[in-house]
Each structure stands twice: as structure tokens, then as C-alpha cells.
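Working notes for the structure below.
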2 protein chains.
Amino acid sequence: MAWSITEVARMAGVTSRTLRHYDAIGLLAPAYVGINGYRYYEQPQLLRLQQVLLLRELGLSLETIAEVLTGQRDRVDALRGHQEWLRAEQQRLARLAATVARTIEHLQEGTVMTASEMFDGFSRRRAETEEALAARYGDGVREHFAAAGERTKGWTRQDYLDAQKEGERLDARVLQLLRCGVAPETPEALDVIADHHRAVARHWSPDKVSYAGLGQLYLDDPQYRARYDAQDPALARYYRDAITAYAEQRLN
Amino acid sequence: MAWSITEVARMAGVTSRTLRHYDAIGLLAPAYVGINGYRYYEQPQLLRLQQVLLLRELGLSLETIAEVLTGQRDRVDALRGHQEWLRAEQQRLARLAATVARTIEHLQEGTVMTASEMFDGFSRRRAETEEALAARYGDGVREHFAAAGERTKGWTRQDYLDAQKEGERLDARVLQLLRCGVAPETPEALDVIADHHRAVARHWSPDKVSYAGLGQLYLDDPQYRARYDAQDPALARYYRDAITAYAEQRLN
DNA sequence: GTTGACTTTGCCGTTGCGTCAAGGTCCAGC
DNA sequence: GCTGGACCTTGACGCAACGGCAAAGTCAAC
């Protein structure tokens with residue numbers, strides 16, 4: 001008993017285009033293909049399609065479904081992961097909704113919502129760093145940032161741009177070291193970190209401990225972590241190791 | 001004071017690719033373009049970008065943002081709509097999570113989750129129709145469906161497929177009438193509806209009132225409505241009008 | 001033999017960019 | 001004047017899961 005593509009589509013409540021797609025991505029191949037090129041499906045394919053649609057309705061991606069059906073991945077395992085994703089997504093939406101609500105209120109009150117400073121990438125990153133460090137090491141670190149604020153009071157936007165540019169160049173140099181297999185505690189690496197330290201010192205006065213703390217932050221803080229992971233999954237750790245070595249060997 | 005694309009990108013914390021994209025879709029054009037083709041941005045563009053990113057962080061689509069910034073659409077209005085969407089999406093995810101949880105339980109209990117009948121598009125649709133009608137007219141209609149179940153007891157899968165195929169052909173014919181401007185109460189339209197009535201009567205015994213109720217259902221039930229709306233936004237209403245006219249004129 | 005329903009492959013469109021690729025431009029140092 | 005490196009341009013593909021359309025071949029019934 002073989003069914004044509006449209007017949008199967010009707011039985012399952014999907015379109016024939018969908019079945020062709022599933023064939024194309026290797027998720028569900030027909031039982032056989034006629035000499036005319038027509039796809040023909042039989043009972044086992046219907047059962048498999050049933051499984052596919054069941055998992056699809058739960059929101060799993062076709063890729064995950066394929067993994068589950070080939071047995072590469074456990075169903076319960078995949079579903080648990082999906083459930084976690086669903087929860088995270090729900091929370092994200094909840095936060096968004098809250099922010100939207102607040103924004104609406106502000107708009108209605110006529111508050112102009114300047115906050116233009118917050119849209120300077122540089123100062124925003126500094127604020128985030130302050131929060132992250134304060135969360136890890138207590139409010140004591142905030143005085144460091146207050147001092148940094150004093151020091152950069154006269155900076156123009158151009159100064160910030162230059163500082164940011166230098167930071168990116170440093171990232172590129174460290175990435176080079178990593179890619180070339182240079183160990184993070186070698187003098188070559190530490191020389192690059194020396195430039196990093198000099199750059200940081202322009203708007204902050206880290207001592208041995210707090211500079212090493214910054215290195216650790218690169219690894220632990222989700223914001224920094226994501227930024228470095230985007231370039232190389234090993235970059236954050238490399239940065240931390242190099243900074244730690246630098247603090248140990250060249251600071252006191 | 002003009003800034004290059006990368007400078008603006010750094011200030012705003014986005015990539016230059018993003019700014020080029022915004023230029024391409026007309027969301028944010030540079031202040032001017034040099035003879036070398038370079039994009040240059042000035043203060044007003046930065047302010048606009050700030051607005052864009054603010055709304056983007058709230059989850060609005062770039063299209064909506066563009067409408068808001070051109071003044072075609074009110075901010076508060078757009079945000080309210082977005083908020084509703086967020087709520088609906090959250091609820092959808094919550095339902096999904098609940099279903100996933102139940103599925104995990106079933107899997108762990110070893111329940112095999114056959115429910116193969118539920119994957120027959122036809123019987124599923126019938127179940128949905130029963131629920132929808134029961135919700136509207138009370139449980140009294142369920143006996144109609146029980147009788148239909150009796151009548152289709154001996155049907156093979158092929159019979160269901162044929163019935164479904166006929167249903168789709170009828171939809172196509174009605175759509176033709178609609179597109180050609182044939183009014184729903186004309187004899188020509190009623191003749192098509194007569195075939196519809198014959199087809200329905202094979203697994204159901206509608207009287208004048210309940211057949212008209214089915215027509216109304218096409219318009220009111222979200223499932224049916226979506227199915228017809230996909231073909232033409234006026235199809236559901238046309239169906240209802242034609243069925244109502246048929247019930248009035250040719251049934252008693 | 002002619003419809004009409006059905007099938008095939010192939011390609012564009014959706015959202016918001018990331019990521020090359022190929023090539024032109026700018027500026028500083030020699 | 002030349003070179004190198006950082007910067008800029010346009011163009012095109014890729015993603016997820018198909019929808020929709022076009023051109024062309026196939027099948028079955030009348």
C-alpha cells in the first residue's frame with residue numbers, strides 16, 4: 001500500500017511542500033521513488049511522520065527532531081533541554097513586557113527619556129563592568145570607578161572612540177597570540193598584556209589584585225564572556241590566564 | 001562634525017554591517033555620502049539611531065520602528081500592540097511547556113503515546129468541529145457526531161482521503177464563485193452548496209438549523225476561519241452566506 | 001485526444017543581520 | 001613616490017521552515 005505525496009499530506013494535515021522539504025533535509029524520505037520521479041510513502045513513513053509532527057508541535061527544531069529519531073539523542077533529554085529553553089524564553093519575554101510597560105508609562109508622563117549617555121557604547125560597557133565587579137567583590141570596587149569617572153571627566157567623544165579602537169586592536173592582537181599557539185604566560189604574550197594594562201590604566205588604577213580580578217571577570221561575566229566567545233571560545237580564558245600571569249610577574 | 005560608519009558603530013555598540021543594513025532598508029540613512037562612496041553620519045543621525053536601538057531593545061521589528069519614527073504610527077500605540085503580542089507569545093510558550101512536561105511524564109511512564117488516530121487529519125478536524133459546536137450550542141450536538149461516528153465506522157483510510165479531497169475541491173469551486181463576483185444567494189452558488197450539503201450528509205445528518213449553524217461556524221470558529229482566511233479573507237463569510245441561503249431556500 | 005488533477009525541480013521571499021570576497025580609499029611612515 | 005595597514009564600498013550567500021510560483025512532465029478518466 002503506497003500513497004502519493006498529496007495523499008500523505010492530507011492524512012497528516014500538512015502540505016506536500018512540507019513533505020518535500022522534509023525529504024530535502026533528510027528528515028523523512030519516501031519509501032521509494034517511481035521511475036517518473038514521484039515520491040511514494042508507506043506505513044513506516046507515516047509512523048515516522050507522526051513522530052515528527054508530534055515533536056514539531058512541541059516546538060522542537062527539525063534538526064533536533066532528526067537527532068531524536070535517529071537515536072543520536074534521547075527523547076527525554078531533548079525535551080528537557082527544550083523545556084529549559086522555553087522557560088528562558090518566557091522569562092526574556094516577561095522582562096521585555098515589563099520594560100515595554102515602563103516605557104509606555106514614561107511616554108505618557110512626557111518624560112523625554114534622554115539617557116543619551118547610556119547609548120555611548122563605551123560608557124555603557126563601563127557601567128556594566130562596574131555592576132559586575134560590585135556583584136562579585138562588593139561595593140568596595142565602586143570607588144575605583146568613581147576615580148575613573150574623575151579621570152575621564154574631560155574626555156571628548158573622540159577620546160572614547162580612540163580608547164575603544166585601541167581596545168579592539170588589543171583584542172585582535174591577543175587573538176593572534178592565541179591562534180598562533182603562543183602560551184599566555186610567555187614574555188611575548190605579557191608584552192601585549194602590558195599594552196592592555198597601560199590602556200586600562202588610563203581610566204582606572206588597578207593594583208595587582210584588582211587587575212587579576214578584571215582578568216577573571218573576562219571569563220566569568222556573561223557580557224564580557226559573550227563578547228570574547230564571539231571571536232573565539234578560548235579567548236576569554238586566554239585573556240584571563242595572560243592577565244593573571246602579568247599581574248603575578250610584573251605587578252606588585 | 002561627521003563620523004565614519006565604524007566610529008558610529010562603536011559609539012552605539014553595534015556593527016558597521018548593521019548600519020549598512022539600516023541604510024539599505026531605509027531606516028537610517030547617513031547625513032551624506034562622500035564622493036568616495038563613504039557614509040558620513042552627524043548628530044541628527046546619532047539621535048535617530050538612539051531611538052532605533054531603544055525600540056529595538058524592546059523587541060519591536062525594524063519595520064514597526066520605521067513606521068514609528070516616520071510618525072506614521074504612534075509610539076504608545078505600537079508599544080501596546082507589541083505588549084499584547086508579547087503576552088500572547090508568553091502564553092503560547094507556557095502552553096508548550098506544559099505539553100512538553102506532560103510528554104516527558106508519559107515517556108518516563110512508558111506510555112506509548114499511540115494516538116495514531118489523532119494524526120489522521122480528517123478525524124482530527126471532525127473532533128475539533130465537535131468541540132467547537134458543543135462550545136457554541138451545548139452538548140446536545142454531540143449526538144449528531146455520535147451518529148456520524150456510527151455511519152463512518154466502516155470507512156477505510158481511502159474513504160477519508162476521498163472525502164477530504166472532495167472537500168478541497170468544493171472549497172476551490174466556492175472560491176471560484178467568490179472571485180468571479182457571483183453573489184452567494186444566486187442559484188449558481190446554491191448548486192455548488194448543494195454538493196457541499198451532499199458531501200456533509202455522508203457523515204452527518206444536518207437539518208435546516210444545524211446546517212446553517214455549520215455555515216456560521218465557518219465564520220466564527222478560529223480553526224475554520226484561519227483555514228478559509230488563508231485562501232481568501234472573504235471566503236468564510238461567503239461560505240456562511242451561501243450556506244445560510246441554501247438552508248433557507250432549499251431545506252425545511 | 002483532451003482535459004484536469006497531480007507530480008517534479010528550481011528559485012525567490014520571509015527577519016536581521018553575520019560573514020566572507022573582491023576591490024577601492026585614506027593616511028602615516030619611509 | 002611607495003608601501004602597509006586600517007578602513008570603506010558593493011555583492012552575495014547563509015540561517016529556519018517552509019509558502020508560493022513557474023515551467024514542464026505524468027496519469028487517469030472521459
Side-chain angles (χ1 to χ4, degrees), chain A residues 2-10 12-28 30 32-41 52-53 55-57 59-66 85 161-162 164-166 168-173 176 226-227 229-232, chain B residues 2-10 12-28 30 32-41 49 52-53 55-57 59-66 85 161-162 164-173 176 226-227 229-232:
Chain A
W3 296 283
S4 77
I5 195 166
T6 311
E7 287 172 330
V8 173
R10 266 197 273 257
V14 300
T15 70
S16 58
R17 178 72 184 81
T18 299
L19 293 177
R20 268 187 279 270
H21 182 55
Y22 291 173
D23 187 12
I25 65 174
L27 180 56
L28 177 68
Y32 63 95
V33 176
I35 41 160
N36 49 17
Y38 284 23
R39 294 172 178 80
Y40 292 103
Y41 298 80
V52 169
L53 296 181
L55 294 172
R56 191 185 70 164
E57 284 199 10
L60 288 177
S61 74
L62 297 185
E63 195 185 348
T64 308
I65 293 174
W85 183 86
L161 276 178
D162 290 345
Q164 230 173 318
K165 192 163 154 184
E166 188 173 357
E168 285 173 25
R169 262 202 277 268
L170 274 165
D171 288 349
R173 287 169 67 194
Q176 274 290 73
R227 185 170 146 231
D229 276 2
Q231 303 192 56
D232 191 301
Chain B
W3 296 282
S4 75
I5 194 168
T6 310
E7 289 173 327
V8 173
R10 267 197 273 258
V14 299
T15 69
S16 59
R17 177 68 181 87
T18 300
L19 294 176
R20 250 171 250 132
H21 183 57
Y22 290 173
D23 186 13
I25 64 173
L27 180 56
L28 178 68
Y32 63 95
V33 178
I35 41 160
N36 48 18
Y38 285 22
R39 292 172 180 81
Y40 293 104
Y41 298 81
L49 177 57
V52 169
L53 296 180
L55 295 173
R56 191 185 70 164
E57 286 199 10
L60 289 178
S61 74
L62 297 185
E63 195 186 347
T64 308
I65 294 174
W85 183 87
L161 277 177
D162 290 345
Q164 229 171 320
K165 192 163 154 186
E166 188 172 357
E168 285 173 24
R169 261 202 278 268
L170 274 165
D171 288 350
R173 287 169 66 193
Q176 274 290 74
R227 184 168 148 233
D229 276 2
Q231 303 192 55
D232 192 300

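Everything numeric here is computed off the predicted structure, so don't read it as measured data. No hydrogens, no waters, no symmetry mates; every other heavy atom, side chains included, goes into these values. Below, read A as the first sequence line, B as the second, and so on, with proteins coming before strands; counting in each chain starts at 1.
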Using a heavy-atom cut-off of 4.0 Å across all strands, would you classify A:Arg39 as base, sugar-phosphate, or nothing?
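A:Arg39: backbone/sugar contact only, no base atoms under 4.0 Å.
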
What contact category does A:Ser4 fall into here, base, sugar-phosphate, or nothing, at under 4.0 angstrom with non-hydrogen atoms?
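Sugar-phosphate, no base atom in range.
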
How many whole angstroms separate atom [atom1] of [X] from atom [atom2] of [N]?
X	N	atom1	atom2	answer
A:Leu27	D:dC18	CG	C1'	13 Å
A:Trp3	C:dC6	CH2	P	18 Å
A:Glu168	D:dG5	CD	P	19 Å
B:Arg10	D:dC7	CZ	P	6 Å
A:Arg20	C:dG10	CZ	P	12 Å
A:Tyr41	C:dC6	OH	P	16 Å
B:Ile5	C:dC17	CD1	P	13 Å
B:Arg169	D:dA29	CZ	P	12 Å

Mind checking side chain to side chain donor-acceptor pair (under 3.5 Å) for B:Glu166 and listing every partner two or more places apart, or none if nothing turns up?
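B:Arg202.
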
I'd like a table of atom pairs between the protein and nucleotides 13-17 of chain D - only N or O on both sides, under 3.5 Å - with the distance next to each one.
{"unit_1": "D:dA17", "atom_1": "OP1", "unit_2": "A:Leu62", "atom_2": "N", "d": "3.0"}

Check salt bridge (Lys or Arg N to Asp or Glu O under 4.0 Å) between A:Arg20 and all other residues, then give those that pass, not counting sequence neighbours.
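With neighbours one apart ignored, the set is empty.
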
Looking at residues at least two apart in the chain, or sitting in another chain, which of them share a salt bridge (Lys or Arg N to Asp or Glu O under 4.0 Å) with B:Arg173?
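By the salt bridge (Lys or Arg N to Asp or Glu O under 4.0 Å) rule, B:Arg173 matches B:Asp195.
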
Quick one: side chain to side chain contact (heavy atoms under 4.5 Å, CB included) partners of A:Thr18, sequence neighbours excluded?
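Only A:Val14, A:Thr15, A:Tyr22, A:Arg56 meet the side chain to side chain contact (heavy atoms under 4.5 Å, CB included) criterion with A:Thr18.
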
Does C:dG18 have OP1 or OP2 sitting under 4.0 Å from an N or O in the side chain of B:Thr15?
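So the side chain of B:Thr15 is within the cut-off, an N or O lying under 4.0 Å from OP1 or OP2 of C:dG18.
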
If you compare every side-chain N and O of B:Ser16 against the phosphate oxygens of D:dC7 (OP1, OP2), does one of them come in below 4.0 Å?
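Looking at the OP1 and OP2 atoms of D:dC7, neither is under 4.0 Å from any side-chain N or O of B:Ser16.
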
Which atom pairs link the protein and nucleotides 22-29 of chain C when you take only N or O atoms and keep those under 3.5 Å?
{"unit_1": "C:dG24", "atom_1": "N2", "unit_2": "B:Tyr38", "atom_2": "OH", "d": "3.1"}
{"unit_1": "C:dT25", "atom_1": "O4'", "unit_2": "B:Tyr38", "atom_2": "OH", "d": "3.3"}
{"unit_1": "C:dC26", "atom_1": "OP1", "unit_2": "B:Asn36", "atom_2": "ND2", "d": "2.8"}

Option passing side chain to side chain contact (heavy atoms under 4.5 Å, CB included) with B:Leu28 (candidates B:Leu49, B:Val8, B:Ile65, B:Asp23):
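Considering B:Leu49, B:Val8, B:Ile65, B:Asp23, a side chain to side chain contact (heavy atoms under 4.5 Å, CB included) with B:Leu28 is found only for B:Leu49.
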
Atom CG of A:Leu62 and atom CG of A:Leu27: how far apart are they, to the nearest 0.5 Å?
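Rounded to the nearest 0.5 Å, the CG-CG separation comes out at 6.0 Å.
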
Where is the tightest heavy-atom contact between B:Ser16 and B:Ala9, given as atom of each residue plus distance?
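Minimum heavy-atom contact is N-CB, 3.7 Å.
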
Non-hydrogen atoms of A:Arg39 and A:Tyr41 that approach each other most closely
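Heavy-atom minimum between the residues: CD-OH, 3.6 Å.
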
For B:Tyr40, all residues meeting ring-ring contact (aromatic ring centres under 6.0 Å, His included), sequence neighbours excluded
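Scan of B:Tyr40 (ring-ring contact (aromatic ring centres under 6.0 Å, His included), adjacent residues dropped) gives B:Tyr32.
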
